[in-house]
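Chain letters run A, B, ... following the sequence lines, proteins first and then strands; every chain starts at 1.
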Amino acid sequence: MSRSGLSCPGCGSSNIVDDDLYCQAQLVCVDCGSVVSEGALTNESVYVGASDVSYSRTTAGDKKPCMNLLKGRHHVIAMCRILRVNREIEDLSQTFYSRAYQHKSFIRVTLRKKEFLAGCCVLVSCRMRQWPVTIGTISCLLDADLVEVGAVYKEMVTVLNIEAPSFNIYDVIEAHSQEYKISLHVAEELAENHKDLTKRAVELVELAADTWVVTGRQPVPVIMAAIYLSWQSLKPNRHRLKLSLDKFCQLAKVKKQKPAAIRVTEMKEVLCKLGKEIPWLGETLTPDNVVCQVEDILKHRYALLRRALRAREEALLPESLASCEASPPRAPEVSDPNPAESPVERRKRSAEGTLAPGDEAGQPRVAGELAGELAGGALESPDKGSNWGARALFAPPCVVHAKRRRVEQPELRDVTGDEEISDSEIDSYIRTPREAREFAQMQNMFLE
Amino acid sequence: MEPGNDDALDIIITNVVATFRVRCHLNLRTIALEGTNVIYKPEIGKVLMKLRKPKITASIWSSGKIICTGATSEDDAKLGARRLARVLQKLGFKAGMGTDDHSLSAGRKDRAGTGRIREVRFSAFKVVNVLAVCSMPFGIQLVDFTIKNRPIASYEPELHPAATYRIKHIKATVQVFSTGSITVTGPNVQNVATAVEQIYPLLFECRKPKALCK
C-alpha cells in the first residue's frame, strides 16, 4: 500500500510503500529501494496495558511442591513406620510437618534442622495420641544430640501453638521394657517375661518417685535401673545376683546409660531404709542382700514408708526438745503428719542447722501442729530450706549437700550507685609505666 | 499460709548484667598492657576486666561498648560501671600527661594524628538482665503445675529438670524446680519481684510436702 505525502530522500519519488520486514514496519521507496523510515522491532500495541512479567514466571509451569518438603514428608513416614505407630499418628505428623515447614521460622533453615523438625512432628503426634515415645528415641532415630532435638521441639510447639501432653514416665516403662531381649534366646535361669518385669518395674519407679529419686533426673536411666532391679528380684538366684548392670545390658542387647548405675545404688539405699522396718526380718540389710527382700518391700511399701517416717520423727524429737527454749507439753505420739498446713516462719539468720529456737520462744503453739511440722520436716523457714535435707529421711542430693549461699555483705546495702570514687581506688587498677614496660618486655620474651 | 505472703520469702539476687558506653574507640591492647586484672582475648576482640569491689567482670569491646556482669544489685552494677569508666578515663589521661613511652600515647591518638586525647564518657547505662533465686517452703508437683498452666509453662524432664514459666507481659522467665527452689530472670529487679508475686499462688496450688512426695 503506497503512502502519500512522503518523498524518498534518495531519489525524490513519492512512490513509497509499506514493506514489513518480519515484524518490523518499514516504508520503502519502490524506485530506488531505500528505506525511508522504519518502525520499532516489535508491535507495541500487544504490550499496551500489560504489566512486566519476570522471566521465571513466564517460563514456570504449574507450581510444584518443594523437593525438600517432599523428602521431609518421606522421612516422617519412614520414622512412623519404624516406630510402628498407627495410621492416625502418621497422618497427624504429616499435617504438622507441612504446616511447620511453611512457617517462616522453618522455611529457611538448614536441611539438618528440617530433619529434626520431621522427628519432632512425629514426637508431638505420638504424645497427642498417648503413644509413649521419648525424645531420646527420636534423637536416636535422627542420630542427633538430645538437646538440639529438644530445642527444635520447643520451637515447633510454640510456633504451631500445640498443646501437647507432658511426658509421663509410667507410659514409657512398658514400651521401654519391650526392648529388653530377655524372654527368649537366653538361659533358663536368666529369662523373664515382659509382663512381670514391667509390673515390678512400675512399682519400683513409683517408690522411687515417692522418695525423690526420679524427680529432676533423666527418665530413661531410672527406668533402666528399675528394670534391672526387678529382673534380679523376680528370681533372686545366684546367677542373676552375680550379673552386673553392664552384663545385664549386654545380655538384653540394650545400650547402657551411665547414670543408671547411680540410680541402682540410690534405689537400693531406699529399699534398705524401708527394709529396716520389716518386723520379721532378723538380719541387717545391705545393698548386697536387699534384692531378695524387694518383693516383700514392694508389697508393703506404703506401710513401710509410714513406719520409716514415723521412726525418723521419733528419732528427731529429742533433738528438737533439747534445742527448744520454751517447753510446751508435747504429744509423744504423732497422729498424722500435716506439713502442708504449717505456716511459713519469718526468716532468721541463724548459723546452726537445728530448728530455729527463736521461732518457738514466746509463741504459743498447738502441740499437735508442732509435732506435725516436725514430722513433715517443714518447720524450717525458707532460709533453712536447704537443711530440711539433713533432717528428712528421703531427700534429693542437691538438698542433702546444699551449696552454702554467700552471706550478703552489710556494707553493700547502702550502695546508691552515685557515690564518689576516689582516685586511689582507681589507681590500684592501673599499672605504673614501669610495670607496663616490664610486662611488655616479658610478653616479647615469651613470644620469641 | 496465705498466698501473697511473700515478705517471708527471700528473693536473693545473684547476678545483674548491665551495659554502658564510653563514646569513644578504645585501644584494647593498651588497656591490656596498662590495666591490672585484665584478660585480653584477641581472637574474640574483647578485654575482660575484673574489679575487686564490687565484684564485677566487664567485657570491654573496642567500639566502646561495655557489658558488666556479676553485681548483686542494680546500684552495685552502676557503681561498678562508673568505676570502670573512671579506670578507662585514667588510662586515657595518662597518655595526655606525656609519658615517656611514645607508643602508648600514639595508640591513644585518633587516626588523624592530631594528638587529641579521646574523651571517655559514661553514658547509656542500662541494666539488661537480673537473675534471682528464691526458695519456697514446700516442694512442687511439676507435672501438675505444667498441666494447670499450659501453654505458658513447659516441662521436659529429658531436657531440663525444671519447668519453665514465661511471663510475657513483664518479660520474665521463671524456672521451677521440684524441690521448691525457683530462679527468676527479668529485665530489672522490680519485674523479678512482680514475677515472684505472680507465680507464688500458682506454685502454692501444686505444692507437695517435702518429706514425702505423695
Query raised in the report: Is it the case that A/Arg127 places NZ or CZ above or below the six-membered ring of A/Phe167, under 6.0 angstrom from the centre and within 45 degrees of the axis?
Result: no
Requested in this report: Kindly indicate, with the supporting measurements, whether the criterion side-chain hydrogen bond (donor to acceptor under 3.5 Å, both in side chains) is fulfilled by B/Arg21 and B/Ser123.
Outcome: CA-CA 5 Å; B/Arg21 295 162 69 174; B/Ser123 78; 5.4 Å; no
**Report entry** Nearest atoms (heavy-atom pairs only) where B/Ala32 meets A/Arg431
**Finding:** O-NH1, 3.3 Å
Query raised in the report: Is atom NZ of B/Lys148 surrounded by more than 12 heavy atoms (other residues, nucleotides or ligands) closer than 6.0 Å?
Result: yes
Query raised in the report: Between B/Leu202 and B/Tyr165, is a side-chain contact (heavy atoms from CB on, under 4.5 Å) present by the stated rule, with each step listed?
Result: CA-CA 11 Å; B/Leu202 304 173; B/Tyr165 187 90; 3.2 Å; yes
Report task. Please say whether more than 12 non-hydrogen atoms of neighbouring residues, nucleotides or ligands are located less than 6.0 Å from CZ in B/Arg52. Result -> yes
Query raised in the report: B/Phe204 vs B/Phe138 aromatic rings, parallel, tilted or perpendicular, using cut-offs 30° and 60°?
Result: perpendicular
**Report entry** Portion of B/Thr146 that has a non-hydrogen atom of chain A nearer than 4.5 angstrom
**Finding:** side chain
Report task. For side-chain contact (heavy atoms from CB on, under 4.5 Å), just list the numbers for B/Ile13 and B/Val130, CA-CA rounded to whole Å, side-chain angles, deciding distance to a tenth of an Å, and then say yes or no. Result -> CA-CA 7 Å; B/Ile13 300 176; B/Val130 173; 3.9 Å; yes
Report task. Examine whether an atom of B/Ala81 lies under 4.5 Å from a heavy atom of chain A, and if so say whether it belongs to the side chain, the backbone or both; otherwise answer neither. Result -> neither
**Report entry** Region of A/Arg306 in contact with chain B, defined by heavy-atom distances below 4.5 Å
**Finding:** neither
Requested in this report: Evaluate the ring planes of B/His160 and B/Phe177, with Trp represented by its six-membered ring, and classify them as parallel (under 30°), tilted (30 to 60°) or perpendicular (over 60°).
Outcome: perpendicular
Report task. Anything in residues 133-142 of chain A with a heavy-atom distance to chain B below 4.5 Å? Please list those residues in order. Result -> A/Thr134, A/Ile135, A/Gly136
Query raised in the report: So which part of B/Leu142 gets closer than 4.5 Å to some heavy atom of chain A, the side chain, the backbone, both or neither?
Result: neither
Report summary line: Ordered numerically, the heavy-atom neighbours of chain B under 4.5 Å found in residues 145-154 of chain A are A/Leu146, A/Val147, A/Gly150, A/Tyr153, A/Lys154
Query raised in the report: Does the pair A/Ile162 and A/Met128 meet the rule for a side-chain contact (heavy atoms from CB on, under 4.5 Å), with working shown?
Result: CA-CA 9 Å; A/Ile162 306 172; A/Met128 288 178 86; 3.7 Å; yes
**Report entry** Proximal component of B/Glu158, with respect to chain A [non-hydrogen, under 4.5 Å]
**Finding:** both
Query - Contact summary for A/Pro397 and A/Glu266, nearest pair of heavy atoms - result: CG-OE2, 4.3 Å
Query raised in the report: Does NZ or CZ of B/Lys208 come closer than 6.0 Å to the centre of the six-membered ring of A/Trp212, within 45° of the ring's axis?
Result: yes
